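Report on one structure; see the data block that follows.
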2 protein chains.
Amino acid sequence: MHSTQKPRATAINRRRVTAAMVAERAGVSTATVSLVANGKASGRVSPGNEAKVREAIRELGYVVDGIGSSLARGVSNTVIMVAPDISNPFFATVIAGVRAALGSEFQLLLSVTDAGQLPSADDTRRLLGLRPAGLLVDAPDPSFLEELSAPGPLVLLDAPGLGPEVPAVNLDVAQGGRLLAEHLAATGHKKVAYIDGTTGTTTFEVRRIAFLEAAGALGMEVPEGARIAATINVGLAANAFAEAWPQWKKLGVSAVVCATDTHAYGVLQEARAAGISIPGELAVTGFDDLPYSTTSSPGLTSVNLPGELLGRRAAEQLLRLIAGEDLETQQVTLESTLMVRGSTVQG
Amino acid sequence: MHSTQKPRATAINRRRVTAAMVAERAGVSTATVSLVANGKASGRVSPGNEAKVREAIRELGYVVDGIGSSLARGVSNTVIMVAPDISNPFFATVIAGVRAALGSEFQLLLSVTDAGQLPSADDTRRLLGLRPAGLLVDAPDPSFLEELSAPGPLVLLDAPGLGPEVPAVNLDVAQGGRLLAEHLAATGHKKVAYIDGTTGTTTFEVRRIAFLEAAGALGMEVPEGARIAATINVGLAANAFAEAWPQWKKLGVSAVVCATDTHAYGVLQEARAAGISIPGELAVTGFDDLPYSTTSSPGLTSVNLPGELLGRRAAEQLLRLIAGEDLETQQVTLESTLMVRGSTVQG
DNA sequence: CTGAAAGCGCTTACAG
DNA sequence: CTGAAAGCGCTTACAG
């Protein structure tokens, strides 16, 4: 009963239904079919013909071929979003925003690279070979943008520090850093540690610099040796913290600012294991305000970044560019807010 | 003389470089350009012409147009992966596996739907309009597959319970359920609770049924009222558990099996808050073995599902189908393993 | 309103 | 080895 399978009994051999087939069935030309199929019939196709074409389309199950259409029009109805890291839960909310704004006219396709990797110039050229109606690029690094010559409509997301002529929607993470500094200063901290990411993404730089500047201005100190970095991973962050804590304690550090909530989870975990009281002995803060930060114990004080809005605004801007409109503002910056929870203030 | 500078056009108005332009520059036909550009020159184009074409391609910065090429060949060099939920961290590892196996010949594009939503038939038709070389569909539901008529090469991932004629790579979550039951029986539990997901995904059904059957066979009981469900969210799972725990306690429940690690994190969190000793008073288990499960305290006993391998195998199968080869095995099932940690056995 | 026709950029028999 | 030519399926001036 072993089968020598030639599978796919499904209608794999079903012939592609073309506009020509519809045209023949409806007794009109392919031009008319095209008009009707694309919703451009009104005022250009007689009601009778339109009805006939619709009927034929229905009967045959005709769908406009994207490839043929793209070639004829010079561009596809696809919007491609390039993202370096989808494993970040934050990304899912950004996508949701993009989808919401894009609606059904354009098809959203994601091109992801391996974790932490940027798309190669080669990848990108191939992407452009698909003739996307527009490109959304999340968290690009500057060198990538240089390679990305001659795209059509392009909007960057979360790409701080670019020339003002590049359409972009940014998160004001610097503001978040300042809010954090103000909050910690207000709650009496003098010496603070900082746990950075290791990817060197611009947003991490901005987070760090904004915090450090504001902290300094507010009379707080980040002592020598109280600045470390760890990969974005709970366990690794926990280890890094465990190793650093004895020295920090000696230095008098009473708060630690983490570049991401994920780092902060590691600190919370290790602190619990080591019996460090939070926030009494050590206050902990993060960035991103991931879902778990509301429900961890204690809750994590974190900078909330509006991911859904980021995606939505970026897609809206892109839609304008695709429509050939000018952008009122090339660059949009979205405010971040500080969510204060039990990891910095006694519940 | 023309310059030998790199073909880095200055943005916006660069004219598309076509094969015809390359052909003219090299003094050959577009047929020859096509052969060279596609690496099919060997034995079909004279060395001299090949060199001339390569030179022209370099000078002009020519890239084969994906749309034109796809139309001529009938299929694109794109592989589209349809996935219902990218916010699941597990998914990132699957993608990594797919990318690794796919190599550089095919361009991987992701089509995601909103969380928990299946792609509509309409979406899918448009996807097929892009003429992908192959389709990968992650965690589809059966009704979706019915609509997906007449695709070319197609491989399903994590789609248990399908007819044997559909190429698929599955995770043996049933085995995971059995391992869990055996482990809990071996560690002396008699009454066990179960926290299910709410999405009704097939994999959740399989997890539950396999566990319940094995548990029954091993003499364990899941009492009336000790089966609840919660959305995949730490906080919601925590709440659901908090509400259920008093009754479970009365019933003599000493272990709880969660459909996902995320549910289990909620239980761990609430248990800590409520002073329930783990695993002494309550043993906790999950499915998925997410990264945090190694480092939570206590570590979470969980069924490890090989995500990277899942993606890799699926892509390998797809590559075979694309190449027109037969599959040795239509359906591949990957073993799951049980990672025993502190949430079920005293560290 | 309508259809014939000219592409869009490429690939691939085919004839030389 | 090589190039002219016929498409792939569609859209869009254009002439009627």
Side-chain angles (χ1 to χ4, degrees), chain A residues 14-53 56-57 60-78 125-126 128-133 152, chain B residues 14-53 56-57 60-78 125-126 128-133 152:
Chain A
R14 187 218 292 223
R15 201 154 45 120
R16 188 182 296 281
V17 177
T18 68
M21 293 162 66
V22 175
E24 192 189 346
R25 178 146 196 149
V28 301
S29 72
T30 59
T32 301
V33 172
S34 176
L35 256 15
V36 173
N38 288 297
K40 296 176 180 171
S42 166
R44 311 223 254 152
V45 176
S46 67
N49 272 351
E50 181 170 353
K52 276 192 278 181
V53 172
I57 286 178
L60 263 25
Y62 172 69
V63 181
V64 176
D65 181 77
I67 296 290
S69 172
S70 299
L71 185 56
R73 292 184 323 181
V75 10
S76 75
N77 69 342
T78 277
R125 273 195 222 97
R126 289 172 70 176
L128 293 178
L130 298 173
R131 309 239 198 137
Chain B
R14 166 158 68 151
R15 196 154 50 118
R16 188 182 296 282
V17 177
T18 68
M21 293 162 65
V22 175
E24 193 191 345
R25 179 142 193 154
V28 301
S29 71
T30 60
T32 301
V33 172
S34 177
L35 256 14
V36 173
N38 289 296
K40 297 176 181 170
S42 167
R44 310 224 255 151
V45 176
S46 66
N49 272 351
E50 180 171 353
K52 276 192 278 181
V53 171
I57 286 178
L60 263 25
Y62 171 69
V63 182
V64 175
D65 180 77
I67 296 291
S69 172
S70 299
L71 186 55
R73 293 185 321 181
V75 358
S76 74
N77 68 342
T78 277
R125 272 195 225 97
R126 289 172 70 177
L128 293 178
L130 297 172
R131 310 239 198 135

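The structure displayed is predicted, hence computed values, not measured ones. Residue numbers begin at 1 in each chain, while the letters A, B, ... track the order of the sequences.
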Which atom pair, heavy atoms only, marks the closest approach of [X] to [Y]?
X: B:Ser70; Y: A:Ile67; answer: CB-CD1, 3.7 Å
X: A:Arg25; Y: A:Ala56; answer: CG-CB, 3.8 Å
X: A:Val64; Y: A:Ala37; answer: CG2-CB, 3.7 Å

Under 4.0 angstrom between A:Ser46 side-chain N/O and C:dC1 OP1 or OP2: no
Using a cut-off of less than 4.0 Å, is there contact between a side-chain N or O of A:Asn49 and OP1 or OP2 of C:dC1? no
Distance, rounded to the nearest Å, where [X] contributes [atom1] and [N] contributes [atom2]:
X: B:Leu71; N: D:dC8; atom1: CG; atom2: C1'; result: 4 Å
X: B:Arg16; N: C:dG9; atom1: CZ; atom2: C1'; result: 9 Å
X: A:Glu24; N: C:dG3; atom1: CD; atom2: P; result: 13 Å
X: A:Met21; N: D:dC8; atom1: CE; atom2: P; result: 12 Å

Within-4.5 Å side-chain heavy-atom neighbours: [X] and [Y]:
X: A:Thr18; Y: A:Asp65; result: no
X: A:Leu35; Y: A:Glu50; result: no
X: A:Val45; Y: A:Lys40; result: no
X: A:Val17; Y: A:Val63; result: no

Same-atom distance (C1') from C:dT12 to C:dG16, integer angstrom: 16 Å
Under 3.5 Å for both pairing distances: what stems, at least three Watson-Crick or G-U pairs long, include DNA chain C? C:1-3 with D:14-16, C:5-12 with D:5-12, C:14-16 with D:1-3
Both B:Val45 and B:Arg131 contact DNA chain D. Which one's nearest nucleotide lies toward the 5' end? B:Val45
For the NZ atom of B:Lys52 and the OG1 atom of B:Thr32, what is their distance to the nearest 0.5 Å? 10.0 Å
Look up atom CG in A:Leu130 and atom OG in B:Ser76, then write down how far apart they are to the nearest 0.5 Å. 7.0 Å
At under 4.0 Å between heavy atoms, how does the protein contact nucleotides 10-16 of chain D? Give one character per nucleotide, 5' to 3', with B, S or -. BBB----
